[in-house]
Amino acid sequence: QVQLVESGGGLVQPGGSLRLSCATSRSIFSINAMGWYRQAPGKQRELVATFTSGGNTNYADSVKGRFTISRDNAQNTVHLQMNSLKPEDTAVYYCSARIVNYLGVKDYWGQGTQVTVSS
């Protein structure tokens, strides 16, 4: 079982920055993969950025060069630094965690945090 709590969303002007945080209820080292997804109104949830326990990262093409995913192992927290924000980045952002064990694969989700990019 993993509990995820996101924070850091809000309203920002185009070109601005925000930093999202996701606190986990267990050690990051015990989680196979973590990441951020987002869902805009009327659209499907999409991948933003992920990293594996081995440290490999993956970004959506639309955020490459602007967003950075990182982790604080001591605090069991994952961050998403978002720079040069655009109106099309407006969405609810969700933190995710994937656990793979002998029982199979299970994904966990946070409650989401709203990011609005508007002037």
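Because the structure is a prediction, the values reported are computed rather than measured. FYI, the numbering just counts along the sequence from 1.
- To the nearest 0.5 Å, the span separating CZ on Phe29 from CG on Asn73 amounts to 3.5 Å.
- Between Thr77 atom OG1 and Arg71 atom CZ the span is 12.5 Å, to the nearest 0.5 Å.
- In this structure, Tyr37 is not a member of the same hydrophobic cluster as Leu4, with clusters built from ILVMFWY side-chain heavy atoms closer than 4.5 Å.
- Contact annotation: the side chain of Ser96 never approaches that of Asp107 to less than 4.5 Å [non-hydrogen atoms, C-beta and beyond].
- Of the inter-residue distances, the one linking Ile31 atom CD1 with Ser25 atom OG reads 7.0 Å to the nearest 0.5 angstrom.
- Inter-residue side-chain proximity for Thr90 and Gln114 is flagged as met; some heavy-atom pair is nearer than 4.5 Å.
- Atom CD of Gln44 sits in a sparse spot, with 12 or fewer heavy atoms from other residues, nucleotides or ligands closer than 6.0 Å.
- Within the model, atoms OH of Tyr59 and CG of Leu80 stand 7.5 Å from one another, a figure rounded to the nearest 0.5 Å.
- When side chains are defined from C-beta on, Val63 does not count as touching Met82, because their heavy atoms never get closer than 4.5 Å.
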**Report entry** Verdict with supporting geometry, Ser118 and Leu11, side-chain contact (heavy atoms from CB on, under 4.5 Å)
**Finding:** CA-CA 7 Å; Ser118 176; Leu11 173 64; 4.2 Å; yes
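- The aromatic rings of Tyr94 and Trp109 sit perpendicular, their planes meeting at an angle over 60°, well past the 30° parallel limit.
- The shortest heavy-atom contact between Ala40 and Ala91 is N-CB, 3.8 Å.
- To the nearest 0.5 Å, the span separating CD on Gln81 from OG on Ser21 amounts to 9.5 Å.
- Gln111 and Val5 make their closest contact through OE1-CA, 3.9 Å (heavy atoms, listed as atom of the first residue, atom of the second, distance).
- In this structure, the side chains of Leu20 and Glu6 stay at 4.5 Å or more apart for every pair of heavy atoms.
- Side-chain atoms of Val92 and Thr113, non-hydrogen and from C-beta on, never get closer than 4.5 Å to each other.
- The shortest distance between side-chain heavy atoms of Asp89 and Arg66 falls below 4.5 Å.
- Leu18 and Ile69 fall within the same hydrophobic cluster, defined by Ile, Leu, Val, Met, Phe, Trp and Tyr side-chain heavy atoms under 4.5 Å apart, directly or through other members.
- Side-chain contact between Asn58 and Asn56 is absent, with no heavy-atom pair separated by less than 4.5 Å.
- For the pair Asn76 and Ile28, the tightest heavy-atom approach, listed with the atom from each and the gap, is OD1-N, 3.3 Å.
- Atom CD1 of residue Ile99 and atom OH of residue Tyr108 lie 6.5 Å apart, to the nearest 0.5 angstrom.
- Inter-residue side-chain proximity for Met34 and Val2 is flagged as unmet; no heavy-atom pair is nearer than 4.5 Å.
- The neighbour count for Gln39 CD, taken as heavy atoms of other residues, nucleotides or ligands under 6.0 Å away, is above 12.
- Among residues two or more places apart in sequence or in another chain, the salt bridge (Lys or Arg N to Asp or Glu O under 4.0 Å) test is passed with Arg45 by none.
- Counting all heavy atoms, side chain and backbone alike, Pro14 lies closest to Ser119 at CD-N, 3.7 Å.
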